[in-house]
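Each remark here refers to the structure printed beneath this line.
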Amino acid sequence: MLQRVKPLFSAFTSQSYPRTFFRSISIPYRKMAGVPSTYDAPVHIAVIGGTGIQSLPGFTLAATLDVDTPWGKPSSPISILHHPSPSTGNNVPVAFLSRHGLSHELAPHEVKNQANIAALRHIGVRTIIAFSAVGSLQEEVRPRDFVVPDQIIDRTKGIRPFTYFEKGMVGHVGFGDPFDTKLAEIVRKCGHSLEGEGVTLHDKGTIICMEGPQFSTRAESNMYRSWGGTVINMSALPEAKLAREAEIAYQMICMATDYDCWRGAEGEDVNVEMVMGHMKANADNARRFVGAVLNELSKEEHAQQVQGKHLENQTRFAGSMTKKEARGQETEKKLQWLFPGYFD
Ligand SMILES: CSC[C@H]1O[C@H](OP(=O)(O)O)[C@H](O)[C@@H]1O
Ligand SMILES: Nc1ncnc2[nH]cnc12
């Protein structure tokens, strides 16, 4: 069923994005004449690009949405890209959002996680593929290898807003498996299909999500290894937690860019040049990986999964603990925007 998106935005959408936006950055999309600032159908799939992936080239740009949410504006405008489904030939809309902003101006602790996830849910997104540049904590995960992680250890410091349930609305969602297990299977299958073409994939792994923005000390890096950490980044949380609260199936694809600093004399410690160098050198593989996942997700057989049917209503129950009369009204209003009808 098609749904007009524009009226939904009206309460929180400011003016359309300035035309100069496209001149200030080089987005290699095939542009449609006069890129619209609204999109008239729900968009179920999103890609969040991280370090080194500020755009997804090769797709047709169908719209650029400047969404405003009760948690503020997202890290970047949301590009709606048309992805031609290889099975049906129909265009499947995919939302793309740049985690650190269009010019990498947001540090990990400044990323607009609440607004990002809220804006994506608001336009219909129920499946997110999130990309991240990570340090490797294990010898066998070499720079440029991909990892589809299945666990996260939280080493953020509580300074990032990490929940939609606060200030008079209490909610607790399960997070035992921080990634969506079915989505993970699809992503792994796609990654393996590219193996031998320059892609090496590790099927599992524990992400240590640290606060940053400074990299770890050697003692910390060794401690994370002793904890069983596979890779380290600064972005998995609270992104994954908020996606879970928002009933969005979420899977991160990690690309190793360095060996952090645990190898000591055996190797150079991580630095930004190293991260960006590997990211740039392997960007084609990263994009091919994402493209393969989008091809697969566009298939009719995954429609229920992509629309997050298995997650529907989880948060309605998880977030209904606080009695109506005791609720913080401001939070209640925000949550009603995010989950229309859930907390009436
Ligand atoms: C530039 S190195 C540290 C930076 O890279 C990763 O970013 P992202 O996860 O968005 O790809 C890491 O999490 C840090 O934010
Ligand atoms: N060594 C590292 N530590 C944290 N985040 C990273 N992103 C890429 N490499 C990293």
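Being a predicted model, the structure only gives us computed values, none of them experimental. Counting convention: from 1, in listed order, for ligands and their atoms alike. We count residues from 1, following the sequence as given.
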Any N or O on G135 sitting closer than 3.5 Å to an N or O of ligand 2? yes

Give the atoms of ligand 1, by number and element, whose distance to some non-hydrogen atom of A133 is under 4.0 Å. 5 (O), 6 (C), 8 (P), 9 (O), 11 (O), 12 (C)

Under 4.0 Å between heavy atoms, the region of P108 that gets near ligand 1 turns out to be side chain

At under 4.0 Å between heavy atoms, which part of M276 makes contact with ligand 1: side chain, backbone, both or neither? neither

Electrostatic pair R316:E247 at N-O distance under 4.0 angstrom: no

So the atoms of ligand 2 within less than 4.0 Å of a heavy atom of N233 turn out to be 4 (C), 5 (N)

Minimal heavy-atom distance between M279 and A133, with the atoms involved, is SD-CB, 3.9 Å

Applying a 4.0 Å heavy-atom criterion (strictly less than), which segment of M234 is in contact with ligand 1: side chain, backbone, both, or neither? both

Measure from the ring center of H192 to the ring center of F146 and say whether it is less than 6.0 Å. no

Can you tell me if N233 uses its side chain to pair, donor with acceptor, with the backbone of S235 under 3.5 Å? yes

Would R160 pass as a cation-pi partner of F162, given that its NZ or CZ must be under 6.0 Å from the six-membered ring centre and within 45 degrees of the axis? no

For R244, give me all partners under salt bridge (Lys or Arg N to Asp or Glu O under 4.0 Å), at least two apart in sequence or on another chain. none

Using a 4.0 Å cutoff against the non-hydrogen atoms of T257, which atoms of ligand 2 qualify? 8 (C), 9 (N)

Distance from atom 4 (C) of ligand 1 to nearest protein heavy atom, with residue and atom: T51 OG1, 3.7 Å

Heavy-atom distances under 4.0 Å are what count here, so tell me which part of D260 touches ligand 2: side chain, backbone, both or neither. both

Do we see a donor-acceptor contact under 3.5 Å between the side chains of R155 and Y224? yes

Going by the atom numbers of ligand 1, which of them fall below 4.0 Å from some non-hydrogen atom of R99? 8 (P), 9 (O), 10 (O), 11 (O)

Heavy-atom nearest neighbour in the protein, as seen from atom 10 (O) of ligand 1, with distance rounded to 0.1 Å: H100 NE2, 2.5 Å

Please enumerate all residues that pass side chain to side chain donor-acceptor pair (under 3.5 Å) together with R188, with sequence neighbours excluded. none

Using a 4.0 Å heavy-atom cut-off, which part of T51 comes near ligand 2: side chain, backbone, both, or neither? neither

More than 12 heavy atoms from other groups under 6.0 Å of CD on E330: no

Looking only at heavy atoms, is any part of I232 under 4.0 Å from ligand 2, and if so is it the side chain, the backbone, or both, or is it neither? both

One finds that the ligand 2 atoms under 4.0 Å from a non-hydrogen atom of D258 are 1 (N), 2 (C), 8 (C), 9 (N), 10 (C)

Does any N or O of ligand 2 fall below 3.5 Å from an N or O anywhere on A133, backbone included? yes

Distance under 4.0 Å to a non-hydrogen atom of M210: what atoms of ligand 2 satisfy this? 4 (C)

What atoms in ligand 2 come closer than 4.0 Å to a heavy atom of M234? 4 (C), 5 (N)

Just so I know, are the side chains of T127 and Y250 near enough to count as touching, which here means a heavy-atom distance under 4.5 Å? no

How close do Y39 and P93 get, counting heavy atoms only, and between which atoms? OH-CB, 3.4 Å

